[in-house]
Structures are given as structure tokens and as C-alpha cells.
S.K.: 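Structure incoming, see below.
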Number of protein chains: 2
Amino acid sequence: MNPEKTRKLLSAEREALICESLTGGVKTIAELSSELKVSEATVRRDLESLENSGAIRRVYGGAELLRKRNSEPLYEEKAAIHPQEKTTIAEKAIQFLKEGDTIFLDGGSTVLEMAKRLPAIPNLTIVTNSLMAAAELMEKKHRLILVGGEFRSLSRTLVGPLTAKILENVSISKAFLGTIGFEPERGISTTDPNEAFTKELVMKRADKVFLLADSSKLAVSSFVFSGNASDIDTLITDSGISPAAVKLLKSQNIEVIFS
Amino acid sequence: MNPEKTRKLLSAEREALICESLTGGVKTIAELSSELKVSEATVRRDLESLENSGAIRRVYGGAELLRKRNSEPLYEEKAAIHPQEKTTIAEKAIQFLKEGDTIFLDGGSTVLEMAKRLPAIPNLTIVTNSLMAAAELMEKKHRLILVGGEFRSLSRTLVGPLTAKILENVSISKAFLGTIGFEPERGISTTDPNEAFTKELVMKRADKVFLLADSSKLAVSSFVFSGNASDIDTLITDSGISPAAVKLLKSQNIEVIFS
DNA sequence: AGCGATTTTGCAAATCTTTGAAAGACTTTT
DNA sequence: AAAAGTCTTTCAAAGATTTGCAAAATCGCT
């Protein structure tokens with residue numbers, strides 16, 4: 001895997017190699033010990049350290065990588081996935097904005113495209129939990145409110161129960177949400193429970209909920225669901241969505257708009 | 001890697017070379033020592049200096065690069081006015097941090113320096129209203145909570161009554177505040193009433209309040225005052241402050257620490 | 001330039017960490 | 001319930017770090 005024959009490895013290096021080696025699945029202590037050419041005692045100590053830094057989980061006889069279930073790509077990678085669809089969806093969504101609206105902008109790269117293109121609509125108040133969107137909007141002259149909360153680095157959003165403290169005190173006319181997965185039957189789903197909590201709260205508080213999701217998100221589902229499909233008023237998507245799905249959505253009173 | 005055969009390197013040059021050399025991953029002290037042709041003791045001292053300027057992390061036996069110079073910064077930084085004083089004040093302030101603390105970081109360039117240098121103290125929770133600080137801390141692995149509220153673009157902080165919603169729900173052991181002006185008689189003052197509101201609230205909620213202010217801030221006063229001087233427990237400043245001011249502060253039970 | 005003061009550097013002794021091995025406690029399997 | 005394997009604890013040795021000190025380099029001042 002990695003020669004590094006020359007010198008002894010530092011514990012930091014060993015830990016990195018262990019994580020790398022664990023991507024192939026579970027490994028026993030004996031396997032790791034012979035891969036790294038250190039004693040089993042040392043492997044155990046490394047695993048203990050990795051475990052309480054949250055990277056892995058120890059199982060009897062070995063260890064497994066933790067953050068692997070339905071793993072969410074890193075922030076930079078995500079933006080690159082369907083850039084064309086994301087842009088056209090964002091442009092379509094902007095057409096729904098009206099003077100005097102108080103809108104909520106969620107995290108995710110599709111909604112971020114929206115923030116980047118936000119035109120100079122008079123008297124617009126923007127509420128967001130996305131630090132990326134906030135960075136885009138900073139220089140513009142709209143009124144900008146961030147909901148507080150716990151920072152989640154993977155999505156660069158503020159999530160969790162603390163977000164309720166502010167969301168409960170503002171009134172939102174239109175919310176624009178992104179998602180990891182969306183099933184017409186069960187609604188939107190995410191990897192993180194705190195993120196799901198905040199999305200659900202926003203859906204409850206907003207007069208009108210727009211979901212921005214390119215067709216690759218359809219029929220994908222992740223770990224935690226937020227509310228259910230009927231909490232969404234309008235889905236803005238691209239033409240890759242199946243006619244059957246459209247029919248199912250319309251039967252639930254969800255408007256489908258194509259970019 | 002780099003010849004530079006002619007003369008001895010200055011420590012600043014060595015430190016730059018160390019960082020460059022570390023981009024390839026972890027390095028041992030012995031490797032760095034032979035690369036730079038200096039003794040291991042010197043390498044250790046350089047690493048110590050680099051570590052508490054926040055650039056690298058020392059691991060037993062060597063060091064690794066901490067913040068890989070990744071994508072362009074989320075927020076552009078304004079040039080600081082007294083960078084040297086601010087840095088040393090920030091470094092002094094960091095020494096007050098303990099394992100398990102929940103700290104508040106205010107806006108302003110001095111406190112921002114603190115955020116940049118924040119070491120890997122276990123179990124540290126950071127609450128902040130500064131988007132600049134949040135951007136710095138994003139990549140690190142501390143628990144990070146943003147108070148929500150209205151965004152004030154001049155200071156890039158979240159301010160106003162909405163900040164109370166979250167501040168009232170967290171308990172802060174140590175708060176580190178910046179300010180525009182500070183008078184020993186009347187306390188800290190700012191240009192914006194919303195900003196003043198938030199500072200005042202933080203001072204009420206924190207167990208211990210540290211004010212980080214270089215001596216140019218002393219005896220300057222701005223528009224709105226937050227609380228009064230006695231709300232501050234400790235002032236961290238530079239040696240430019242007058243002995244009379246120190247005496248006045250001590251008479252109000254405010255500890256004065258020099259960077 | 002010259003001289004003293006300050007800082008930086010390298011070395012070595014003392015201290016602290018990490019490592020591997022072995023004994024005993026605990027889990028899983030038969 | 002016994003056997004086999006795995007985990008935790010303990011200890012000594014090897015290696016790394018810190019600290020104190022003296023030599024060298026640098027700086028500041030006349």
C-alpha cells in the first residue's frame with residue numbers, strides 16, 4: 001500500500017494510513033498490525049485515539065470506518081456535480097421573488113447559485129442558515145439575517161435546535177430549500193439529523209416552500225427525513241424527472257416547475 | 001530543495017521553508033533538521049513558534065501542516081491598523097483558554113487574530129457573532145456555534161435583538177471582546193446601537209469578560225456605550241497605556257494584563 | 001568601526017512519551 | 001462450562017522533548 005520503508009512512522013501518519021486502509025471495510029487488529037509493521041498494542045492505542053476523535057469505530061477484534069454510511073461528498077466536490085442544471089434551476093427560482101418578500105435560503109450548491117444571482121429587488125429580506133450564501137450576500141445591500149446555531153462543516157450551514165430560537169421569531173414568505181435526496185412518497189432526506197431538524201422547522205414556518213432539486217436527487221434517499229413530501233409546495237427541477245414521478249407529485253398537490 | 005548556500009537563514013526564512021516542506025505531509029524533526037542544516041533544537045524552536053502562530057501542528061516526533069492553503073478565503077480581510085500589537089495581545093489572550101471552556105469571540109481584528117491562532121484545546125466550544133472568525137474556524141474541529149441575528153456589513157458581525165435569542169440559551173465561561181473605544185470611566189463604546197446591544201448582552205451572560213484593546217483604543221470614545229467599565233474583568237493591552245489609566249482601572253477591580 | 005547588550009543557536013542532562021511485551025480480565029465461540 | 005481469542009493494565013526500554021547554560025551571532029549605541 002505505502003512503502004515508507006526508510007523510517008519509523010509517526011503516530012499521525014499511522015493513523016492516516018489506518019483510515020485509508022479501513023476504507024476497504026473492516027480490518028482486524030492483526031491485519032493492521034502487519035500492514036503497519038507495529039505491535040498490536042500500538043495499533044490498539046492508535047485505534048483508541050482515532051475512535052475518540054470520531055473517525056472510526058472499534059468493533060471486537062478490529063475496527064471500521066465510521067463516517068461512511070451514505071457519505072456526503074465534501075463541500076467543494078458537491079458544487080461540481082451538475083453545474084448546468086443547478087444554474088438553470090436557480091435562475092428559474094429567482095423569478096418567483098417579489099418586492100417585499102422575506103425569503104429563506106438553505107444550504108447546498110443549487111440554492112447558493114440563487115444567492116449569487118439575486119437581483120436588486122427592493123425591500124427584500126434574506127434569512128439564511130448558509131455561510132456560503134451569507135458570504136455572497138454580504139456585499140449586497142439587502143437586509144440579511146443569519147439564523148444562529150451549530151455550525152456543520154460538511155454543508156457549511158447552521159443547524160440544530162438552536163436555529164429554532166431565531167426561526168420562531170421571523171416570518172418567512174418563501175423558503176428555498178436544497179436536499180441530498182428526495183422521494184415523492186417520503187419527502188426530503190439528509191445525512192444529518194440536525195440538518196433535518198432545521199429544514200423541517202423552516203418548512204413549518206414558511207408560507208410557501210420551494211424545493212430546488214435537479215433530477216439526480218429524485219428517488220435518492222439518505223439517512224434522516226424532514227417532514228413529508230406534502231410540506232413542499234413547489235418543486236423546481238430539470239427535465240430528467242420521470243412522468244410517473246410528476247404524476248405522483250401532482251396528486252399530492254405539489255406543483256412541478258421545469259427549468 | 002532550496003540551496004541558499006551562501007548565508008545563514010533567518011528564522012523567518014527557515015519557518016517559511018518548513019511550511020513549504022511540510023506540504024508533502026508529516027515530517028520528523030530529524031528530517032527537517034537535515035534539510036535546513038540546523039540543529040534539532042532550532043527546528044523545535046521554529047516549530048514551537050509556528051505552532052502558536054497557528055500554521056502547523058506539532059505531533060510527537062515531528063510536525064504537520066495545519067491549514068492547507070486551500071481555496072480562496074471566504075471573506076477578504078481589511079488591512080489591520082496596529083497588526084503587531086494586535087497579534088501579541090491575541091497570543092496573550094489565548095493563554096487564558098482552558099480545556100472544556102465555552103468561549104465567546106466578538107468581531108474586530110484583534111479577536112480575529114485570536115481565532116486564527118486558536119490551538120487544539122480539547123473540548124472547546126466557540127460561540128461567535130463574527131463571520132470572519134467563523135470562516136477561520138470552519139476548517140478546525142472545535143465545536144462552533146454562531147449566534148444568529150442581523151448582519152452588519154461594516155463589522156461583519158451579527159448584531160441586534162435577535163442575537164439575544166441564542167445568547168440567552170448558552171452559557172459562556174469566557175468572553176473575548178473587541179471595541180472601537182474604551183474609557184476607564186465609562187467603558188466600551190461602538191458606533192452602532194445594535195452592536196452595542198449585543199456586546200452588552202454578552203458581558204451580562206459571560207462568567208468572565210476579557211477586553212482586547214491596544215492602547216490606541218484607550219481614551220477614545222465612540223457613539224454608543226455598552227454597559228459600563230466594571231462589566232469587564234480583564235483588559236489585555238499593550239504597554240502604551242498610561243500608568244494613571246492602569247490605576248483607575250485597578251481601582252475598579254479590572255485586572256490589566258500586558259502583552 | 002568598536003564595545004557591550006541582547007538574541008539566537010547548539011549541546012547535554014533531566015523529564016516525559018511512546019512503544020512492545022506479558023499477565024490477567026473479559027468476550028465470544030464451541 | 002471450557003477453550004480460544006481479544007482487550008486492558010502494567011512495566012521497562014527506547015526515543016523525543018524540555019530546560020538550563022554557554023558560545024556565537026546580531027544589534028544598538030557612541
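Proteins come first, then strands; the chains are lettered A, B, ... in the order of their sequence lines, and each starts at number 1. Worth saying up front: this structure is predicted, and the values here are computed from it rather than measured.
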S.K.: At under 4.0 Å, does any side-chain N or O of R14(A) touch on OP1 or OP2 of dT19(C)?
M.R.: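 It does, given that an N or O in the side chain of R14(A) lies less than 4.0 Å from OP1 or OP2 of dT19(C).
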S.K.: What is the distance, to the nearest angstrom, from the CG atom on D46(B) to the P atom on dT9(C)?
M.R.: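 It works out to 7 Å between those atoms.
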S.K.: Less than 3.5 Å between a donor and an acceptor, one on the side chain of R45(A) and one on the base of dG20(C), is that the case here?
M.R.: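 Side chain to base: pair found, below 3.5 Å.
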S.K.: Using atom CG of L36(B) as one end and atom C1' of dT8(C) as the other, report the distance to the nearest whole Å.
M.R.: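 Nearest whole value for this atom pair: 15 Å.
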S.K.: Just how far, in rounded Å, is P of dT10(D) from CZ of R44(A)?
M.R.: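 Interatomic distance, CZ of R44(A) to P of dT10(D): 16 Å.
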S.K.: Is the shortest side-chain heavy-atom distance between E150(A) and L158(A) below 4.5 Å?
M.R.: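 Counting from C-beta outward, E150(A) and L158(A) never come under 4.5 Å.
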S.K.: Is R58(B) close enough to dT17(C) that one of its side-chain N or O atoms is under 4.0 Å from OP1 or OP2 there?
M.R.: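 Answer is no, no contact under 4.0 Å.
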S.K.: Could you tell me the separation between the CG atom of L10(A) and the P atom of dA16(D), rounded to a whole number of Å?
M.R.: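 My rounded result for the distance is 9 Å.
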S.K.: Does T42(A) put a side-chain nitrogen or oxygen below 4.0 Å from OP1 or OP2 of dT19(C)?
M.R.: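 The answer is no; no side-chain N or O of T42(A) sits under 4.0 Å from OP1 or OP2.
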S.K.: Take atom CD of E31(A) and atom P of dT6(D), then tell me their distance rounded to the nearest Å.
M.R.: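 It is 11 Å, rounded to the nearest whole Å.
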S.K.: Whether the D192(B) and T190(B) side chains hold a donor-acceptor pair (N or O, under 3.5 Å, no angle test) is what I'd like checked.
M.R.: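 No, because no side-chain N or O of D192(B) sits under 3.5 Å from a partner of the opposite role on T190(B).
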S.K.: Whole-Å distance between dG10(C) C1' and K37(B) NZ?
M.R.: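 After rounding, the reported distance stands at 17 Å.
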S.K.: When rounded to the nearest 0.5 angstrom, what is the spacing between NE2 in H142(B) and CZ in F151(A)?
M.R.: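 Reported value, rounded in 0.5 Å steps: 14.0 Å.
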S.K.: From the list dA16(D), dG5(D), dG10(C), which nucleotide is the closest neighbour of the side chain of Y60(B)?
M.R.: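 Given the options dA16(D), dG5(D), dG10(C), the side chain of Y60(B) is closest to dA16(D).
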S.K.: Starting at atom CG of L47(A), determine the distance to atom C1' of dT8(D), rounded to an integer number of angstrom.
M.R.: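 These atoms are roughly 14 Å apart.
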S.K.: Report, as yes or no, whether the 6.0 Å neighbourhood of atom NZ on K165(A) holds more than 12 heavy atoms from other residues, nucleotides or ligands.
M.R.: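 Open: at most 12 neighbouring heavy atoms sit under 6.0 Å from NZ of K165(A).
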S.K.: When all nucleic acid strands are considered with a 4.0 Å heavy-atom cut-off, which category describes V59(A): base, sugar-phosphate, or nothing?
M.R.: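 Sugar-phosphate: the residue V59(A), judged by heavy atoms under 4.0 Å, touches backbone atoms but no base.
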S.K.: Is the closest side-chain heavy-atom distance between R117(B) and L112(B) below 4.5 Å?
M.R.: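 Sidechains of L112(B) and R117(B): no contact.
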S.K.: Using heavy-atom distances to pick each residue's nearest nucleotide on DNA chain C, tell me which of S39(A) and A41(B) is more 5'.
M.R.: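 The residue mapped nearer the 5' terminus is A41(B).
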S.K.: Taking CD from E40(B) and C1' from dC11(C), how many angstroms apart are they, rounded to a whole number?
M.R.: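 Between C1' of dC11(C) and CD of E40(B): 12 Å.
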